[in-house]
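Notes to accompany the following structure.
Positions are given from 1, in the same order as the sequence printed here.
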Amino acid sequence: MTVFHRNETREPLPQALRGGVIAIGNFDGVHRGHQSVLNRALEEAQARGVPALVLTFEPHPRSVFRPDQPVFRLTPAPLKARILEGMGFSAVIEYPFDRTFSELSASDFIRSVLMDWLHASHVVTGFDFHFGKGREGGPAFLMAAGGENGFGVTLVDAFRDENASVVSSSHIRGLLGEGDVSEAAGLLGYRYTVEAEVIDGKKLGRTLGYPTANMQLPPEVELRNGIYAVRFRRADGSINDGVASFGKRPTVDSNGIALLETFVFDFSGDLYGEICSVSFFGHLRDELKFDGLDPLVVQMKQDDAEARALLSGVKPLSMIDSKIAFASDTNP
């Protein structure tokens, strides 16, 4: 079995991965719209008997041009790579995006990236993909370049959901900002998931009977503050249900930073320093300020019971969902 190749620094591509089918795009969220492009690339690669690769760009181009406006990334690079690997791709190429690269002409992009570096045999992308300085390269340019350089091109139309709406990362970000993780999951095709290191906290939850695994998410994450039913996945792949609070803990902290605090059901042990993930299944309520710890504990018991009930009957939405938020032997 070929080991998944994640190329972050434009290192030479292994010989076995050259001549593959390349899916090109930013793919933040790897949502159902992206999956229509990505699955087409997987089909093309299988039909041709060649590797399937993804070419994306890091950091997000908007972070380079507007650094004062951080992008709420649905899938930061490591998580995106894990999802793409789970879909069946052989590699993800995270091309280093900077202002110098943005000045590259469309012709130079074709020659230096697709031909000289990746040796593409076929390219799959969305119908509105543009590239090169000033977005000079569009679908017609790409098709013509393919004819001149000997690689095929497949353009995939915009994917629409069951309501005939185009699925977009910006729409999903908006849903998460409203706390609607269920609707977001329907558009993503899997439960919204975050990854972070478990950090030390004030250990107040432990004294209340609810020890939590604490994570600090990037400040640009715009998830609605509140209480959620979640699945908690450790680095070793083990999964436990849980209930999580995302917010600033107004009952116990007057000026705290936003933390994701997860009470992991049926678990005891030390998680400090582990990179773990949390998948969101349902928004139970908004974050509230209680008049002391006693009413807070009463509410926490109710949240615990409600989360357990919600999670007791959940099923995977897709293969991706199964691999991220369910046990390895669970099939959608």
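- The aromatic rings of Tyr192 and Phe72 sit perpendicular, their planes meeting at an angle over 60°, well past the 30° parallel limit.
- In this structure, the ring pair (Phe, Tyr, Trp, His ring centres under 6.0 Å) partners of His31, at least two apart in sequence or on a different chain, are His34.
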(message) Lys301 vs Asp304, test: salt bridge (charged side-chain N to carboxylate O under 4.0 Å, His left out). Steps then yes/no.
(response) CA-CA 5 Å; Lys301 290 179 179 178; Asp304 180 312; over 6 Å; no
(request) Would you please test Glu58 and Arg73 for salt bridge (charged side-chain N to carboxylate O under 4.0 Å, His left out) and show each step? (result) CA-CA 11 Å; Glu58 291 291 341; Arg73 297 287 298 273; 2.8 Å; yes
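- Side chains of His5 and Leu17 form a contact here, defined as non-hydrogen atoms less than 4.5 Å apart.
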(request) Evaluate the criterion salt bridge (charged side-chain N to carboxylate O under 4.0 Å, His left out) for residue pair Glu306 and Arg285; output intermediate values, then yes/no. (result) CA-CA 10 Å; Glu306 190 174 346; Arg285 63 174 176 86; over 6 Å; no
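- A perpendicular orientation is assigned to the rings of Tyr228 and Phe280, their planes being inclined by more than 60° (bins at 30° and 60°).
- Salt-bridge formation is detected for the pair Lys133/Glu103: a Lys NZ or Arg NE/NH1/NH2 atom is positioned less than 4.0 Å from an Asp or Glu carboxylate oxygen.
- Contact detail for Val37 and Val124: the closest heavy-atom pair is O-CG1, 3.6 Å.
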(request) Could you walk me through whether Ser170 and Ser168 pass side-chain hydrogen bond (donor to acceptor under 3.5 Å, both in side chains), step by step? (result) CA-CA 5 Å; Ser170 58; Ser168 71; 3.2 Å; yes
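- Ring geometry, Phe57 versus Phe97: the interplanar angle exceeds 60°, so the pair is classed perpendicular (tilted spans 30 to 60°).
- Among the candidates Lys80, His60, Arg173, the single residue satisfying the side-chain hydrogen bond (donor to acceptor under 3.5 Å, both in side chains) test with Asp28 is Arg173.
- The aromatic rings of Phe265 and Phe263 sit perpendicular, their planes meeting at an angle over 60°, well past the 30° parallel limit.
- Arg6 is linked by a salt bridge (charged side-chain N to carboxylate O under 4.0 Å, His left out) to Glu8, Glu94, counting only residues two or more places apart in sequence or in another chain.
- Between Asp303 and Gln299, the side chains place a donor N or O and an acceptor N or O closer than 3.5 Å (distance only, hydrogens not considered).
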